[in-house]
There are 2 protein chains.
Amino acid sequence: MDAITRLGYRPNLVARSLRLGRDNTLGIAVTSITDPFFAEVVSAIEETARGHGFSAIISCTGESDGAEETIVSGLLNRQVAGMIVVPTGADQSYLARKYAGVPVVCVDRPPVGIECDTVLVDNEGGAFLGTNWLVLHGHRRIAFVGGPKDKFTIDRRRLGYSRALREAGIALDPELLADVAILPAEVSAVIPSLLALSEPITAIFTSNSKASLGAIDALHRLGRTDVAMVGFDDFPTAASLVPPITVVSQDPFHIGREAVELLLHRIAGEHETPGRMLLPTNLVVRGSGELRPSQGKARVSQTSTKHKSDLVV
Amino acid sequence: MDAITRLGYRPNLVARSLRLGRDNTLGIAVTSITDPFFAEVVSAIEETARGHGFSAIISCTGESDGAEETIVSGLLNRQVAGMIVVPTGADQSYLARKYAGVPVVCVDRPPVGIECDTVLVDNEGGAFLGTNWLVLHGHRRIAFVGGPKDKFTIDRRRLGYSRALREAGIALDPELLADVAILPAEVSAVIPSLLALSEPITAIFTSNSKASLGAIDALHRLGRTDVAMVGFDDFPTAASLVPPITVVSQDPFHIGREAVELLLHRIAGEHETPGRMLLPTNLVVRGSGELRPSQGKARVSQTSTKHKSDLVV
DNA sequence: TTGTAGGCGTTATCAT
DNA sequence: ATGATAACGCCTACAA
């Protein structure tokens with residue numbers, strides 16, 4: 001101990017890792033750390049991992065198909081003990097082909113071409129909850145806004161939306177599906193036409209937080225505070241907007257924590273068949289989702305939407 | 001090449017790193033990845049590093065003093081080629097004592113006890129810009145909201161605030177310095193009393209985005225859209241609030257990129273004396289900062305604050 | 001208890 | 001050109 005300080009000895013973790021053939025490092029491949037949802041997930045992963053003596057190497061894959069395999073392979077070549085992946089590529093079978101034996105947990109979307117533990121939220125149920133909430137408040141012309149189509153989560157959410165309409169006996173109108181957009185600006189652009197239909201929408205269900213921001217921006221530009229709205233995913237200022245935005249929220253921290261625990265179990269040698277964990281969503285009632293269909297273009301006065309503490313259903 | 005695929009050979013980066021005595025990995029120690037500002041910085045770091053063939057190990061130190069040395073030491077024991085650190089501890093001299101030779105770049109705040117390349121933004125100038133903007137719009141009772149006191153950035157921003165008042169011949173009123181808060185909720189709690197002073201405030205300058213969210217929430221609860229506000233740091237829904245929030249913005253992507261470039265130069269063997277890079281801020285004019293002092297409690301009607309495209313000064 | 005040899009996978013060096 | 005060898009720092013195992 002004396003010598004340690006005197007000579008300034010520091011253990012070389014690289015050498016240890018080579019000798020031991022294992023490394024207390026988890027590889028994390030996530031689409032974008034800038035998205036507040038994934039930022040929370042990654043934060044939870046990093047924190048939980050550190051609590052177990054692991055550190056996390058984080059890389060961003062973007063949404064482009066090409067990057068995932070390169071990035072994940074790079075992490076695996078670093079001899080990480082396990083990987084947490086948000087799948088973006090069309091196919092994750094390279095993991096089984098080239099890196100069999102290294103435990104992988106998928107998050108947010110299920111893997112294609114392989115079997116592994118997966119942490120998902122109940123996208124379909126959450127979207128049903130949110131859409132149904134609008135239905136319960138008298139809406140029958142409800143737009144589904146935000147895409148793109150091919151993403152797993154959006155697909156599931158569209159299913160929940162459709163089921164809510166179906167169960168309410170409302171015919172699905174393809175004109176109300178604005179699922180081509182991905183950037184807030186594109187979402188913004190699509191809202192005016194939905195409001196200008198011969199039978200205009202009275203409510204909007206947005207399929208993720210980017211879509212919510214776009215829709216909010218569009219409504220704001222139009223000066224419309226009378227359009228009901230429920231968004232999938234919470235975001236920081238949701239409670240301070242006019243009206244405050246009712247959202248279906250997932251718990252990103254929970255997701256990250258579960259992913260790490262599952263992964264550590266596998267690393268410890270658990271050999272059960274891979275499972276899927278489906279985490280619940282909550283409806284956070286704030287105001288925008290409780291607006292009734294407006295007659296014409298009446299505007300809800302600002303003071304009528306009083307602030308109340310968030311009410312979680 | 002044939003054998004590589006046939007045998008499924010993958011290079012072992014750990015062994016390579018041991019043999020070469022270096023590792024194409026950068027260690028990143030940041031306070032919180034959840035903060036949208038740092039999320040962007042980290043994202044820029046990761047992207048830039050990857051573009052140069054480096055990967056990034058990211059760890060969060062929180063704001064607590066204790067964690068920094070443990071976390072940074074852990075990364076350095078991993079033989080990272082260099083470190084990017086957001087200093088949180090009282091003192092970074094352990095870096096020189098125990099890890100001399102490994103290049104370090106500090107970001108957002110300057111190090112204490114050592115000399116190293118540092119990337120800062122012009123906090124004082126930005127706060128001056130924002131406060132002066134309020135002064136130019138006729139305000140003389142301007143609160144400075146958000147803390148805590150001991151943080152470097154907040155200190156500099158308070159200096160800019162003070163200078164703007166001083167140059168305008170406005171006496172600094174300690175009652176208007178609400179720099180004790182750190183969480184949005186605490187900020188929220190302090191706003192009503194500032195508005196209830198015998199000489200109430202007519203404008204708010206918030207010292208970071210958390211403070212902005214708190215102030216916005218408080219104003220929203222009070223139904224006050226007549227209080228002018230400029231915030232330090234941009235945030236996603238700033239343009240969609242009522243009124244849209246004028247902010248002093250820094251460029252987190254730029255910060256991250258510069259930090260990596262400086263670090264890579266050091267890693268490549270640059271031996272000049274450490275320097276400080278001071279990045280500029282922009283005033284993003286949106287509406288809330290251009291409100292004139294209200295007479296009594298008149299409320300600005302919502303439709304009077306029209307949306308306009310962001311105007312950057 | 002204390003000491004020493006061997007090998008993890010790679011690369012650099014030296015010999016063929 | 002191709003091949004053998006040593007060494008990076010650590011941990012384990014076995015010997016003294």
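Reminder, nothing fancy here: chain letters follow the sequence lines and each chain counts from 1.
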Between the side chains of B/D23 and B/R78, is the shortest nitrogen-to-carboxylate-oxygen separation below 4.0 Å, so that they form an ion pair?
no
May I ask you to check whether B/N77 and A/R10 show a side-chain donor-acceptor distance below 3.5 Å?
no
Can you confirm whether B/E69 is buried at CD, in the sense that more than 12 heavy atoms of other residues, nucleotides or ligands lie under 6.0 Å from that atom?
yes
Side-chain donor-acceptor contact under 3.5 Å, A/S59 with B/E46:
yes
Walk along nucleotides 4-14 of chain D from 5' to 3' and tag each nucleotide B, S or - by protein heavy-atom contact under 4.0 Å, base first, then sugar-phosphate.
---BBBBBS--
NZ/NE/NH1/NH2 to OD/OE distance under 4.0 Å, B/R257 and B/E261:
no
Rounded off to whole Å, could you give me the CG-to-C1' distance for the A/N77 and C/dT10 pair?
13 Å
